[in-house]
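Below is one structure, written out as structure tokens, with a few remarks after it.
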Amino acid sequence: MKKTLNQMLIIFGASGDLTARKLVPALYNLYKGKHLPENFVVLGASRSDMSDEAFRRKVVQESEFLEKKISKEEASYIKTFADKLFYQDLGENYDSDYSALAKRIAELNKDHGCEENYIFYLSTPPSLYEVIAKNLCEAGLTTEENGWKRIIVEKPFGYSLETAKELNEGLHKYFNEPQVYRIDHYLGKETVQNLLVTRFSNSIFEPTWNRRYIHHVEITNAETVGVEKRGGYYDKSGALRDMFQSHLLQVLSLIVMEPPINSSAEEIRDEKVKALKSLRLMTDPEVLATHTMKGQYVASTINGKKVKGYREEEGVDPDSKTETFAAIKFFVDNWRWKDVPFYVRTAKYMPTKVTEVVIHFKSPAHEVFKSHDAYQKDNKLIIRIQPDEGILIKFGVKVPGLGFNVEQANLDFYYSDLDSAQVMDAYERLLLDAMQGDATLYARADEVEAAWKFVDPILKYWENEDVPTYGYAAGTWGPRNSDEMFEGHFGWRNPGKRLTDETGFCIL
């Protein structure tokens with residue numbers, strides 16, 4: 001593992017939910033695992049008026065990530081970790097004089113030997129990214145004469161191709177591209193990273209990873225909850241912007257990409273960009289009508305409990321056409337994937353919480369056991385990203401007894417079986433990578449823009465009033481007609497039971 005240099009992490013928006021719920025727990029686990037340098041401190045910065053002690057209580061002592069009963073050894077760890085946390089009030093807004101912040105950073109740097117290596121984590125709305133970057137620059141906090149400077153920004157990175165370009169241009173006024181780390185916590189998941197290893201280190205997969213052997217590829221992201229308290233935000237975003245443009249296209253790029261020259265960050269990201277640029281753009285309304293589908297969950301009864309429809313959620317327009325279900329069929333224009341259809345869907349309020357990639361292999365050219373129904377069950381490589389992270393291969397075996405009756409068997413591996421291995425949380429892995437200067441799992445500017453270039457025409461088409469929004473009962477696998485996107489006898493793989501007998505099928 002790379003050496004982690006002495007440094008300081010400055011979190012903007014530190015009084016918000018993300019710091020206490022994700023960032024500080026991740027940092028604490030890295031500290032316990034002895035992954036942090038001895039000279040490491042965290043400075044929270046936001047508009048709230050808090051002392052260092054009040055900040056420590058908020059994000060450590062009162063946080064839910066600590067168990068109620070802790071040992072003396074654990075209590076000692078907590079105390080020494082909390083002593084590394086500090087806080088600076090920015091005043092009324094983020095667009096203010098940062099001289100007080102710069103002074104505090106200089107004091108902490110001197111007292112704790114951080115060697116002027118700073119990471120600025122922007123846990124704020126994207127509208128503040130350029131504002132904060134500008135003020136950091138004006139306060140002299142972005143120069144790398146005596147130590148490196150990096151900036152981490154959260155998604156959503158843009159609302160469209162145009163706004164993504166504006167964000168990139170705004171950040172590039174004050175930071176060079178190698179200093180910018182666009183975080184996507186999906187890429188921090190062990191199974192997502194393992195996509196590269198599965199493909200490029202196994203001779204049984206890479207030679208068959210192309211149009212000659214693969215019939216189609218399917219990616220599903222399903223959640224068992226609705227929009228909950230995020231109705232106001234979600235109604236302006238929708239499933240395509242919230243999940244597909246960022247998380248799922250990042251996963252897709254790892255499936256589609258060509259082998260990089262080596263495992264360096266830039267070589268891998270170069271190939272991911274090429275993969276995203278090779279996605280066939282859909283601009284023809286007739287193609288968009290048959291290759292895309294949007295849906296919205298309606299009221300249902302799940303396990304005897306009535307649940308609201310999307311339009312009844314707090315903060316949602318009662319006449320909203322915003323999608324909570326999005327399914328896209330598309331193609332990749334290169335030799336490896338020519339004519340191989342890709343199917344990707346993401347949705348709220350489905351029967352099972354799952355994110356998985358399914359590689360469907362073609363049937364053998366000469367079907368010896370065709371009469372025994374073996375070829376209605378194609379070989380599948382299933383890569384489960386969450387939950388129960390692991391890999392499953394489905395293949396045909398003979399049923400014991402007379403004749404050649406064929407059934408599918410499973411060959412599987414789960415990360416939970418590795419008792420001796422500690423699997424890092426996504427934020428732990430991504431924070432550690434940023435501290436070590438490894439940008440492999442962070443999106444580059446051209447990567448973000450390539451993803452938006454593919455998504456923009458779909459979003460613009462969906463703005464048309466004539467495009468139907470299909471209703472589906474909460475607790476089901478989406479609109480009943482979503483399987484019609486597939487060719488032949490195929491359909492979506494639904495790894496779970498329906499939670500309701502209701503169909504709720506309609507056009508909203």
### Message
Rounded at 0.5 Å granularity, tell me how far CG in Leu85 sits from CG in Leu43.
### Response
10.0 Å

#### Entry: Lys348 and its salt bridge (charged side-chain N to carboxylate O under 4.0 Å, His left out) partner, picked from Glu223, Glu323, Glu313
Glu223

## Note on the structure
Interatomic distance, OG1@Thr301 vs NZ@Lys306, rounded to 0.5 Å, equals 6.0 Å

### Task
Can you establish whether the number of heavy atoms outside Glu314 located under 6.0 Å from its atom CD is more than 12?
no

### Task
Assess the side chains of Tyr472 and Thr324: does a donor N or O sit below 3.5 Å from an acceptor N or O?
yes

### Message
Looking at Thr352 and Val354, would you say the former's side chain and the latter's main chain have a donor-acceptor pair under 3.5 Å?
### Response
no

### Query
Counting distance only, does the side-chain N/O of Asn176 pair as donor-acceptor with the main-chain N or O of Pro178 below 3.5 Å?
no

### Query
Do side-chain atoms of Lys277 reach the backbone of Lys272 as a donor and acceptor pair under 3.5 angstrom?
no

### Task
Spell out, as yes or no, whether a donor-acceptor pair under 3.5 Å connects the side chain of His172 to the backbone of Asn168.
yes

### Message
The test is side-chain hydrogen bond (donor to acceptor under 3.5 Å, both in side chains); show your working for Thr476 and Tyr349 and say whether it passes.
### Response
CA-CA 7 Å; Thr476 65; Tyr349 251 139; over 6 Å; no

### Query
Which atom pair, heavy atoms only, marks the closest approach of Phe86 to Asp83?
CZ-O, 3.4 Å

### Task
Tell me, with the steps shown, if Glu154 and Tyr121 meet side-chain hydrogen bond (donor to acceptor under 3.5 Å, both in side chains).
CA-CA 8 Å; Glu154 279 276 351; Tyr121 195 114; 2.5 Å; yes

### Query
Would you call Asp433-Arg429 a salt bridge at under 4.0 Å N-O?
yes

#### Entry: Candidate pair Lys165 and Glu162, rule salt bridge (charged side-chain N to carboxylate O under 4.0 Å, His left out), full reasoning
CA-CA 5 Å; Lys165 286 181 175 179; Glu162 181 182 357; over 6 Å; no

### Query
Using a distance-only test with no angle check, is there a side-chain donor-acceptor pair under 3.5 angstrom linking Gln250 and Glu447?
yes

### Task
Return the minimal non-hydrogen interatomic distance between Val448 and Gln245, and the atom names on each side.
O-NE2, 3.9 Å

### Minimum heavy-atom distance between Met293 and Pro479, given as atom pair plus value
SD-CB, 4.1 Å

### Message
Would you call the rings of Phe330 and Phe342 parallel, tilted or perpendicular, taking 30° and 60° as the class edges?
### Response
parallel

### Query
Do the rings of His247 and His185 sit parallel, tilted or perpendicular, given the 30° and 60° boundaries?
perpendicular

### Message
If the threshold is 4.0 Å, N to carboxylate O, is there a salt bridge linking Arg269 and Asp446?
### Response
no

### Message
Looking at Lys274 and Glu271, is any side-chain nitrogen of the basic one under 4.0 Å from a carboxylate oxygen of the acidic one?
### Response
yes

## Note on the structure
The reported gap from CD in Glu116 to CG in Asn109 (rounded to nearest 0.5 angstrom) is 5.0 Å

### Query
Does the side chain of Glu356 come under 3.5 Å of the side chain of Thr220 through a donor N or O and an acceptor N or O?
no

### Query
Does the ring of Tyr98 carry Arg104 above it, NZ/CZ under 6.0 angstrom from centre and within 45° of its axis?
no

### Query
If you look at every heavy atom in Trp492 and Ser482, which pair is closest and at what distance?
NE1-O, 3.4 Å

### Query
In Å, rounded to the nearest 0.5 Å, how long is the span from CZ of Phe175 to SG of Cys137?
8.0 Å

### Task
Could you grab the distance from atom CD of Glu463 to atom CD of Glu465, nearest 0.5 Å is fine?
10.0 Å

### Query
If we ignore angles and hydrogens, is there a donor and acceptor under 3.5 Å between the side chains of Glu428 and Asn29?
yes

### Task
Decide yes or no on side-chain hydrogen bond (donor to acceptor under 3.5 Å, both in side chains) for Asn6 and Glu115, but give the supporting numbers first.
CA-CA 6 Å; Asn6 298 328; Glu115 300 177 13; 2.9 Å; yes

### Step-by-step side-chain hydrogen bond (donor to acceptor under 3.5 Å, both in side chains) determination, Thr80 to Tyr31
CA-CA 10 Å; Thr80 54; Tyr31 176 73; 2.8 Å; yes

### Residues Thr355 and Asn221: side-chain donor-acceptor under 3.5 angstrom
yes

### Query
Backbone N or O of Ser48 within a donor-acceptor pair of the Tyr87 side chain at under 3.5 Å?
yes

### Query
At their closest point, which heavy atom of Ile268 faces which heavy atom of Asn262, and how far apart are they?
CG1-O, 4.2 Å

### Message
Check Lys236 with Asp317, please: is the shortest side-chain N to carboxylate O separation under 4.0 Å?
### Response
no

#### Entry: Main-chain N/O of Val316 paired with Arg311 side-chain donor or acceptor, under 3.5 Å
no

### Query
Under 3.5 Å, is there a donor-acceptor pair between the side chain of Glu144 and the main chain of Lys149?
yes

### Residue pair Phe55 / Gly44: nearest heavy atoms and the distance that separates them
CZ-CA, 4.0 Å

### Message
Can you classify the ring geometry of Tyr28 versus Phe81 as parallel (below 30°), tilted (30 to 60°) or perpendicular (above 60°)?
### Response
perpendicular

## Note on the structure
The residue among Leu167, Ile183, Leu171, Leu128 that forms side chain to side chain contact (heavy atoms under 4.5 Å, CB included) with Val153 is Leu171

### Query
Between Asp17 and Lys22, is there a side-chain N and carboxylate O pair less than 4.0 Å apart?
no

### Query
So do Tyr442 and Leu430 actually touch side chain to side chain, heavy atoms under 4.5 Å?
yes

### Flag for Ser160-Trp452: side-chain donor and acceptor within less than 3.5 Å
no

### Tyr118 six-ring face occupied by Arg150 cation (under 6.0 Å, within 45°)
no

### Task
Provide the full list of salt bridge (charged side-chain N to carboxylate O under 4.0 Å, His left out) pairs with a residue in residues 169-184, sequence neighbours left out, each pair given once.
Glu130-Lys173, Glu177-Arg182

